[in-house]
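Chain letters run A, B, ... following the sequence lines, proteins first and then strands; every chain starts at 1.
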2 protein chains.
Amino acid sequence: MKHLPHKTIERLSQYRRALLLCLDKGKTHIYSHEIAKIQHITAVQVRRDLMLIGYTGTLRKGYNVKELIDLIGNIIDSDEGINVAIIGMGNLGRALINYFAGKRSKLKIVAGFDTNPDKIGNTMSGVPCYSIEHLREVVAAEKIKVGIMTVPADYAVDTADLLVKSGIKGILNYTPKPVNVPDGVYLEEYDMITTLEKVAFYVKLQETD
Amino acid sequence: MKHLPHKTIERLSQYRRALLLCLDKGKTHIYSHEIAKIQHITAVQVRRDLMLIGYTGTLRKGYNVKELIDLIGNIIDSDEGINVAIIGMGNLGRALINYFAGKRSKLKIVAGFDTNPDKIGNTMSGVPCYSIEHLREVVAAEKIKVGIMTVPADYAVDTADLLVKSGIKGILNYTPKPVNVPDGVYLEEYDMITTLEKVAFYVKLQETD
DNA sequence: TTAACAATGTTAAGTTTTTAACACTTTTAC
DNA sequence: GTAAAAGTGTTAAAAACTTAACATTGTTAA
């Protein structure tokens with residue numbers, strides 16, 4: 001299992017989330033077509049992904065939910081876990097923190113940053129908020145490897161630079177403004193407006209058929 | 001120009017956003033490699049996308065920013081505009097509203113919905129908040145075509161059903177729980193946890209090289 | 001004026017991703 | 001106990017997407 005396709009990585013994460021829900025419901029086994037239905041993809045694709053990670057289900061019984069969850073964890077999680085920071089404790093930043101609050105996960109949001117003095121020093125859902133001026137120290141002290149940018153667009157570029165200088169290894173940019181990072185830092189940009197425009201486009205398309 | 005690739009649609013939206021920024025800076029023309037750099041893709045890809053939409057730049061001068069913005073608008077926007085609702089006025093819902101506030105766009109967020117009586121009846125950044133019980137009427141009255149789901153995960157499925165029954169044509173689900181919609185309704189699911197796990201995975205991968 | 005350059009537009013090749021096809025194996029039904 | 005059904009695992013084909021190659025054409029510089 002050398003090079004898992006990009007898309008497979010994404011789906012594995014999604015499979016796991018679906019599987020965790022099944023586990024909660026007391027399900028012990030699951031068929032490929034059940035997973036497929038949840039994710040709106042085909043059963044073949046599920047089986048193919050699982051083949052790629054070398055997991056073998058039991059014939060006629062499907063896949064063992066617990067085993068599969070663990071295996072996916074072995075592949076996509078890092079053993080020691082990864083600490084994450086949120087830069088920008090506005091609505092979006094807080095939404096993400098709540099999202100994660102209490103989730104079992106190798107990913108831990110350990111710090112938030114903001115410029116607003118009212119927020120600095122407080123704790124939100126267990127996550128302390130620091131001044132952005134202390135970003136460098138906190139990143140080092142807390143061994144933070146990934147930063148999620150939820151700052152206003154105008155601060156995007158500076159924030160990204162700051163994160164890079166602090167030694168962060170991965171950035172997830174939720175700002176509508178693209179940023180640049182050097183090699184060695186993984187960058188993922190996600191623009192909510194693009195996604196919404198895409199939905200609108202396909203709605204329009206459907207109408208004009 | 002019959003079938004634009006999915007990915008091209010997404011990029012067109014992104015190009016436009018980049019172009020709007022350039023316009024603000026007073027730039028009148030832009031080269032394919034400049035656009036490419038902003039979006040972290042190749043110039044060839046930009047040119048190919050523009051070829052697909054039939055736009056022709058001027059040799060050695062690049063593309064006319066204003067013209068291109070307009071053309072992209074003609075393709076991805078619908079003429080009359082599309083009205084959008086946000087279901088769930090929590091942090092994420094409010095973040096989205098602020099994101100959009102004041103943006104020139106054919107997409108207009110015209111309504112928010114929630115169950116919290118403290119929120120119902122208020123206005124947030126110009127968007128009125130209604131009780132979710134009135135969803136159906138408001139959707140009809142306001143000709144809302146797209147719904148953005150930002151409700152807690154446990155309400156995801158019911159909310160989706162409700163939206164479908166109200167006659168909505170497109171759903172953007174920001175809930176971590178996948179939902180189902182019938183044919184004729186376009187569904188886009190986006191899970192923030194997946195994206196973050198992906199970033200974490202590639203960070204881990206980079207380390208173990 | 002002519003050569004070098006720097007851009008676009010387009011066709012072709014390459015790569016990645018998805019889907020189809022099918023061989024295999026339990027279980028179920030008769 | 002044999003056939004049909006319902007699963008998995010895998011190879012092969014198809015589709016989607018990206019990148020390369022290159023022809024073309026203004027522009028600049030010698």
Side-chain angles (χ1 to χ4, degrees), chain A residues 1-15 18-19 22 27-68 71-72 75 188-189 194 198 201-202 205, chain B residues 1-15 18-19 22 27-68 71-72 75 188-189 194 198 201-202 205:
Chain A
M1 185 213 327
K2 29 180 166 197
H3 273 351
L4 291 171
H6 251 259
K7 288 292 178 66
T8 295
I9 295 297
E10 287 178 16
R11 281 191 300 263
L12 286 175
S13 163
Q14 287 163 352
Y15 296 164
L19 291 167
C22 293
K27 227 166 146 56
T28 63
H29 288 75
I30 192 167
Y31 298 124
S32 61
H33 67 256
E34 292 178 295
I35 300 178
K37 181 146 192 218
I38 298 172
Q39 303 298 150
H40 315 301
I41 56 177
T42 67
V44 182
Q45 186 148 69
V46 174
R47 293 207 300 275
R48 220 179 176 298
D49 284 334
L50 299 190
M51 187 194 89
L52 290 176
I53 63 172
Y55 184 65
T56 290
T58 43
L59 195 45
R60 289 283 293 188
K61 271 198 153 180
Y63 305 97
N64 180 304
V65 175
K66 198 149 179 5
E67 273 178 24
L68 188 45
L71 178 57
I72 293 177
I75 291 165
E188 179 91 20
E189 314 235 22
T194 289
K198 186 174 153 197
F201 173 79
Y202 285 108
L205 202 63
Chain B
M1 186 213 326
K2 34 184 164 195
H3 274 351
L4 291 172
H6 252 258
K7 289 290 179 68
T8 295
I9 296 296
E10 288 178 15
R11 282 192 298 263
L12 286 174
S13 164
Q14 288 162 351
Y15 296 163
L19 290 168
C22 292
K27 227 164 145 62
T28 63
H29 288 78
I30 192 167
Y31 298 124
S32 60
H33 66 259
E34 292 178 294
I35 301 178
K37 181 146 194 217
I38 298 173
Q39 304 297 152
H40 314 301
I41 55 177
T42 67
V44 181
Q45 186 147 69
V46 174
R47 293 206 300 275
R48 222 178 173 299
D49 284 334
L50 299 190
M51 186 194 89
L52 291 176
I53 64 172
Y55 184 65
T56 291
T58 43
L59 194 46
R60 291 279 293 188
K61 271 196 152 178
Y63 304 97
N64 181 306
V65 174
K66 197 147 179 5
E67 273 178 24
L68 188 46
L71 178 57
I72 293 176
I75 292 165
E188 178 90 21
E189 314 235 23
T194 290
K198 187 173 151 198
F201 173 79
Y202 284 108
L205 202 64

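- Across the protein-nucleic acid pair, B/H29 atom NE2 and C/dT8 atom P stand 11 Å apart, rounded to whole Å.
- Here OG1 of A/T42 is found 11.0 Å from CZ of A/R48. Values are rounded to the nearest 0.5 Å.
- For B/T56, a side-chain nitrogen or oxygen approaches OP1 or OP2 of C/dG9 to under 4.0 Å.
- Where A/L50 and B/K61 each meet DNA chain D at their nearest nucleotide, the meeting point lying more 5' is that of A/L50.
- When the nucleotides C/dT18, D/dT10, D/dA5 are ranked by their closest atom to the side chain of A/R60, D/dA5 comes out on top.
- The nucleotide whose nearest atom lies closest to any side-chain atom of B/H33 is, among C/dT18, D/dT10, C/dA7, C/dA7.
- Here A/R47 does not reach the OP1 or OP2 of C/dC22: none of its side-chain N or O atoms lies under 4.0 Å away.
- Closest to the side chain of B/P5, from the set D/dC17, D/dG7, D/dT18, is D/dC17.
- The CG atom of A/L50 sits 5.5 Å away from the CG atom of A/L68 when rounded to the nearest 0.5 Å.
- Ring pair B/H6/A/F201: centre-to-centre distance not below 6.0 Å.
- Residue B/Y63 places at least one side-chain N or O under 4.0 Å from the OP1 or OP2 atom of C/dG9.
- Mapped onto DNA chain C by nearest heavy atom, B/Y55 and A/T8 fall at different nucleotides, with B/Y55 at the one closer to the 5' end.
- With rounding to whole Å, B/H6 atom NE2 is found 17 Å from D/dT18 atom C1'.
- Taking atom CZ on A/R48 and atom P on D/dA13, their separation rounds to 14 Å, with Å as the unit.
- Protein atom CG of A/D49 is 16 Å distant from nucleotide atom P of C/dT16, rounded to whole Å.
- With contacts defined as side-chain heavy-atom distances shorter than 4.5 Å, the pair B/Q45/B/Q39 does not qualify.
- Across the protein-nucleic acid pair, A/L59 atom CG and D/dG9 atom P stand 8 Å apart, rounded to whole Å.
- If you measure from atom NE2 of A/H40 to atom P of C/dT18, you get 15 Å, rounded to the nearest angstrom.
- Look at OH on B/Y31: it is 12 Å from C1' on D/dG26, rounded to the nearest Å.
- Atom CD in A/Q45 sits about 16 Å away from atom P in D/dG9, given to the nearest Å.
- Residues A/T58 and A/N64 fail the side-chain proximity criterion, which asks for heavy atoms closer than 4.5 Å.
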